[in-house]
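Protein chains get the first letters and strands the later ones, always in sequence-line order, with residue 1 at the start of each.
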Amino acid sequence: MTTEQTPQQDDNQIIAERRAKLAALRQAGVAFPNDFERKHLAADLHSAYDAMSHDELEAAQVSVAVAGRMMLKRVMGKASFATVQDMSGRIQLFISNGDTGEEAHNTFKHYDLGDILGASGVLFKTKTGELSVRVTGLRLLTKALRPLPEKFHGLTDQEQKYRQRHVDLITNEETRKTFIIRSKVIQAIREFFMRHDYLEVETPMMHSIPGGASAKPFVTHHNALDMQMYLRIAPELYLKRLVVGGMEKVFEINRNFRNEGLSTRHNPEFTMIEFYEAYRDYKYLMDFTEKLFREVAHKVLGTTVISYQGREFDLGQPFHRLTVAQAIQKYHPQFSDAQLHDRDFLINELQDLKAKYRSGDGLGGLQLSLFEELTEHQLFEPTFIIDYPAEASPLARRSDTRPEITERFELFMVGREIANGFSELNDPEDQEARFDAQVAAKEAGDEEAMFKDSDYISALEYGLPPTAGEGIGIDRLVMLLTDSPSIRDVILFPQMRPE
RNA sequence: GGGUUGUUAGCUCAGCUGGUAGAGCAGCGGACUCUUAAUCCGUAGGUCGACAGUUCGAAUCUGUCACAACCCA
């Protein structure tokens, strides 16, 4: 903390002028005062007094003290209007020679858009009926050295909105609304799980063996232990250790990190909720998930009807449930049952489509690759895809009747994966065999194959009760509920390439 | 990784087939006591993303690079 002033060269004229104003403030006394007591928020005043008439307000003589950033300023000689914005909204100030004296009003005329003001006075209504503060005391609390974006258009350049989120938040109501909704979504989710007697927990973000998902991890190094560590790609294996430990209902809302590309659907760090409940299976989870989504939408938006990028669907309707093969056939009826169960046919088709697939995969894995290539992006309405092949689901319990598939689903909406859940694999010997298969795949060049986690197997050997678990991508859910086209629109500070 | 588009004043944007830079807002000065993106008069503000090339001459044409948005994989 220093008050020492270093002379600055500003090639920008506006900043230079504002810096000179700040220098004058320092000369006059405390330039950044913190003793103004803000007593009212703009929105509270509007909801309490908008309904009162001009005369009723005059009779009531309501004294208020508001503070905020000056967003608009209209000077008219001996009187001025200003609009200040606080966390709740905006309110208009009326400043005049008659109320504050000429000197204070003249001082106000040199305040700049973007400055933080504290104003005290009495509420009144203007000729046009707008609730305003007739200011008797006005203070400049924080001088803004940088000018705000154009007052009508605000900041529109997407890159600048992401890189300078603080400016975006100042000028763009939609941006503020998006992040308020994000906060409410997380709150509603938390309430839902609390009401179902879940325990909220935190598990490590730094893993010595990255596990719980198929993804490339970020690598870091711990100096004192002199060991390589990974930022977690998922909390799954730790949360299931907790179920072994007797925490039969747990959830965690936190960041995962995946060292993969950036896109409108992917940020290297993203927020997931993962939850586990003992003595449940994947069918229970699907019903539970539908209830969760309905409740969150209803609490946050007041409706279960979601409008996304010009199309609508209703979370209140039962979600569709299809197997991988059924989904392919629903959207691509040209494929016959026989073809979808013909390895050579599937491989030919995948090659024609130039789709990614693993040549060693069985029917299920090949079907899944075809599904991902052709069908996934068409699943606009909420759809659970079930019967995932075991080879693609190393942590999920096998079906008792068809061991080549697992008791697993993924939930898709607007063509995107939103959630992934399954009955957990609690057979330690099967788990070890599946890890070994993953290690073999990794050695064969699959960078996303899982590591073997012997400590986790040892935990399973103490006995994991029958359990169901699921992960839901919070960012993608918020995209849905805020009608945002890019994941960057729902992350306050999305990852950007350095300028 | 591929394609399309963009990058000009602090912000939002013009700038035609190449002739040396424009507006609005914001700023500064002035007028104005009920404005609402206030209005009116005056004024200042630019290495046109970077680097090469073509040309007598490049914001403009060509190439390379950087960053971004969107689409595709």
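Look at CG on A:N267: it is 13 Å from P on B:A68, rounded to the nearest Å. A:H266 places its NE2 atom 14 Å from the P atom of B:C72, with the value rounded to the nearest Å.
With hydrogens and angles ignored, no donor-acceptor pair closer than 3.5 Å exists between the side chain of A:E159 and the base of B:U7. Between the side chain of A:T126 and the base of B:U35, a donor-acceptor pair under 3.5 Å is found.
Across the P atoms, B:A21 and B:C48 are found 10 Å apart, a figure rounded to whole Å. Separation of the C1' atoms belonging to B:A37 and B:A23 is 16 Å when rounded to the nearest angstrom. With both ends at atom C1', the span from B:C16 to B:A73 equals 38 Å, rounded to whole Å. Atom name C1', nucleotides B:A44 and B:G24: the rounded distance is 16 Å, in whole Å. For the P atom pair drawn from B:C70 and B:U54, the interatomic distance equals 38 Å after rounding to whole Å. Going from the P atom of B:G19 to that of B:U5 covers 22 Å, rounded to whole Å. With both ends at atom P, the span from B:G53 to B:A38 equals 49 Å, rounded to whole Å. Nucleotides B:U43 and B:U17 place their C1' atoms 36 Å apart, quoted to the nearest Å.
Close to B:A26, at under 4.0 Å from its OP1 or OP2, lies a side-chain N or O of A:K151. The shortest distance between the side-chain N/O atoms of A:T156 and the OP1/OP2 oxygens of B:C13 is below 4.0 Å. At least one side-chain nitrogen or oxygen of A:R74 sits closer than 4.0 Å to the OP1 or OP2 atom of B:A38. For A:K73, no side-chain nitrogen or oxygen approaches OP1 or OP2 of B:U35 to under 4.0 Å.
Considering only residues two or more places apart in sequence or on other chains, A:Y331 meets the ring pair (Phe, Tyr, Trp, His ring centres under 6.0 Å) condition with none of them.
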Apply ring pair (Phe, Tyr, Trp, His ring centres under 6.0 Å) to A:Y388 and A:F422, showing your working.
CA-CA 10 Å; A:Y388 275 73; A:F422 38 86; 9.4 Å; no
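A:R343 has no carboxylate O lying under 4.0 Å from a charged side-chain N of A:D361, or vice versa, which leaves the two without a salt bridge. A salt bridge links A:D112 to A:K143: one of the charged nitrogens lies within less than 4.0 Å of a carboxylate oxygen. With salt bridges taken as basic N to acidic carboxylate O contacts below 4.0 Å, none links A:R163 and A:D157.
Nearest to the side-chain atoms of A:K127 among the listed nucleotides B:C34, B:A69, B:U35 stands B:C34.
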